Every structure is written in C-alpha cells, then in structure tokens.
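Quick note: numbers below take in every heavy atom, side chains included, and nothing from hydrogens, waters or symmetry partners. Numbered from 1 within each chain, the chains take letters A, B, ... in sequence-line order. Keep in mind that what you see is a predicted model, and the values were worked out from it rather than measured.
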Amino acid sequence: MAFSGEHSFRMKALESELFQFRIGELATMTGASTRQLRYWESKGIISSLIREGEQEARVYNYKAYVTVASIKQFLDEGYTLQGAVKKTKEYQKNWHVLHEVIRHSVQGMAVLNNAPAVDLGFFDEDKTQRLYAQIDENNKVKYTVQPWDDDSTRIE
DNA sequence: GTTCTGACA
DNA sequence: TGTCAGTA
C-alpha cells in the first residue's frame, strides 16, 4: 500500500524566540504566583529576557517556563524552594537529552489511513521508513512504520 | 487591564 | 509569600 501522507504543517522549534510570554501568562501556565516569579528572579533562580528599563514588563522564554514549571512541581511535592531549585538543577543538566529527542522526533502531523497521525520522523538510518503514532478508540497509542515516499504531497 | 517596585504583615 | 498602593 502506497503511503499517502498529507502533511499539514511542520512544527517549529519550541525554543523559538517567538515563543514568549509575560509574567501573568507564565503564572497561569505554571501555577506559580507573579510574586513568586519576581522573587525568584531577584534571587537569581530564574531570569527573564533583557528589558529596556526597570519599569518594562518582563518577558519569558520557553526555557524559563520549563524551569518554573519544574520548581513549582517540586514545591507542590513538599520541597522547600531551595530543595526544589536543587532538584531542578539536577534534572536541568540532562534536559538537552529530552529536548533533542523531542525536537528530532515530533516532526508534525500527518494523515495515515484517513486518520490523524503524529509524524515521528525516520525510523531507520537509511531514511526509507517513517514512524507514525496514532490513537485508537480508547486513546491507546499505536505505532506504524511506513515506507517513505518522496513523491507524497508535502507542505514544507 | 496588566505589570512594576516598594512596603507591610 | 500575599496583598495593597501608586505608577507607567
């Protein structure tokens, strides 16, 4: 059966400089208060992007989000701020592994057998097969390896 | 309406 | 850390 993928879009890097938010949004996203975010920044635990003046609104990037989300999680688990920061730093050393795997794996959406699928990229070194993930009626993830067809319609 | 800094509890 | 004040 020939592969008939219809790639609707390609995911841009999560760390894109376009992926930014202000303190209120970051607070909502992570559950941390704006007071905490400012306090942590004053302690050098987190950092926002460079501001023109002190009165300018803070802008955070994806890295700040991941850091805050991690600290907040450990805080909720009962760690002190100091402990949560320590834990976060320990994991932070290895985040590049998760980051690279995700960046190289999830390449976008595709349509397989008339059903939505996540394009997980090439399955083999020779780049002849591609891995796709789909979910069934019970939301269980199913993986499918399909021969890569260079002639398939693709939107870059 | 949102964010900023500083101050008080 | 929450909250309120007075700004920008």
Side-chain angles (χ1 to χ4, degrees), chain A residues 4-123 130-144 152-156:
Chain A
S4 60
E6 303 163 36
H7 297 69
S8 55
F9 79 93
R10 291 282 177 185
M11 287 181 62
K12 295 294 184 183
L14 287 176
E15 75 276 23
S16 168
E17 61 279 1
L18 299 175
F19 207 59
Q20 305 178 346
F21 14 80
R22 306 212 297 181
I23 195 168
E25 299 170 297
L26 183 57
T28 301
M29 293 161 69
T30 62
S33 68
T34 58
R35 175 74 169 86
Q36 285 177 306
L37 296 178
R38 294 191 188 97
Y39 176 67
W40 297 349
E41 182 171 328
S42 74
K43 292 297 181 182
I45 295 172
I46 61 174
S47 63
S48 55
L49 275 47
I50 306 299
R51 287 182 291 169
E52 288 291 327
E54 286 290 292
Q55 302 286 63
E56 294 291 314
R58 292 174 174 75
V59 176
Y60 299 93
N61 58 20
Y62 179 73
K63 183 180 179 182
Y65 160 71
V66 180
T67 301
V68 171
S70 174
I71 293 174
K72 172 60 178 172
Q73 179 180 296
F74 286 123
L75 236 37
D76 290 343
E77 289 176 9
Y79 286 88
T80 59
L81 176 57
Q82 203 169 41
V85 171
K86 188 164 181 285
K87 275 286 194 179
T88 296
K89 284 183 175 176
E90 289 172 8
Y91 278 101
Q92 216 156 17
K93 289 185 301 185
N94 302 318
W95 279 354
H96 69 280
V97 177
L98 175 64
H99 183 266
E100 288 303 300
V101 170
I102 291 177
R103 189 165 73 82
H104 284 99
S105 298
V106 182
Q107 308 216 342
M109 291 292 293
V111 176
L112 208 61
N113 301 321
N114 293 320
V118 175
D119 180 4
L120 295 177
F122 289 111
F123 183 70
R130 227 167 161 80
L131 180 64
Y132 294 92
Q134 294 175 295
I135 55 174
D136 60 19
E137 318 79 55
N138 302 313
N139 276 341
K140 186 168 184 179
V141 179
K142 300 290 186 182
Y143 294 97
T144 305
S152 64
T153 55
R154 212 174 354 158
I155 302 173
E156 292 294 346

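- The interatomic distance linking A:I23 (CD1) with C:dT1 (P) rounds to 13 Å, in whole Å.
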Open item on the list: Please convert DNA chain C into dot-bracket. A pair counts if it is Watson-Crick or G-U wobble with both distances under 3.5 Å; crossing pairs go in [ ] and bases paired with another strand get |.
Closed with: ||||||.|
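- Annotation: A:F21, atom CZ; neighbour count of heavy atoms from other residues, nucleotides and ligands within 6.0 Å is above 12.
- A straight line from CG of A:L81 to C1' of C:dT1 spans 11 Å, rounded to a whole angstrom.
- If you measure from atom CZ of A:F21 to atom C1' of B:dT2, you get 17 Å, rounded to the nearest angstrom.
- Taking CZ of A:R130 as the start and CG of A:L112 as the end, the distance is 12.0 Å to the nearest 0.5 Å.
- One atom, CH2 of A:W40, and another, P of C:dG2, lie 10 Å apart when rounded to the nearest Å.
- Nearest heavy atom pair, residue A:Q36 against residue A:L75, reads NE2-CD2, 4.2 Å.
- Spacing between atom CD of A:Q36 and atom C1' of C:dT1 amounts to 7 Å, rounded to whole angstrom units.
- Between A:Y60 and A:S47 the shortest heavy-atom distance is CD2-O, 4.0 Å.
- Side-chain atoms of A:D119 come within 3.5 Å of backbone atoms of A:G121 as a donor-acceptor pair (strictly under, hydrogens ignored).
- In this structure a side-chain-to-backbone donor-acceptor pair under 3.5 Å is present from A:Q134 to A:A115.
- Taking NZ of A:K87 as the reference point, atom OG of A:S70 lies at 10.0 Å (rounded to 0.5 Å).
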Using a cutoff of under 3.5 Å, can you pull out all pairs of nitrogen or oxygen atoms linking the protein to nucleotides 5-9 of chain B, with atom names and distances?
from  : atom 1 : to    : atom 2 : distance (Å)
B:dT5 : OP1    : A:R51 : NH2    : 3.4
B:dT5 : OP1    : A:E54 : O      : 3.3
B:dT5 : OP2    : A:R58 : NH1    : 3.0
B:dT5 : OP2    : A:R58 : NH2    : 2.9

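- Regarding A:Y39, its OH atom lies at a distance of 21 Å from the C1' atom of B:dT3, rounded to whole Å.
- With A:S48 as the fixed residue, the side-chain hydrogen bond (donor to acceptor under 3.5 Å, both in side chains) test singles out one of A:E41, A:R58, A:R38: A:E41.
- At whole-Å resolution of the value, CG in A:L49 and P in B:dC4 are 13 Å apart.
- Contacts of A:S33 with the nucleic acid, taken as non-hydrogen atoms under 4.0 Å apart, involve only primed sugar atoms and P, OP1 or OP2.
- Side-chain atoms of A:E25 come within 3.5 Å of backbone atoms of A:R22 as a donor-acceptor pair (strictly under, hydrogens ignored).
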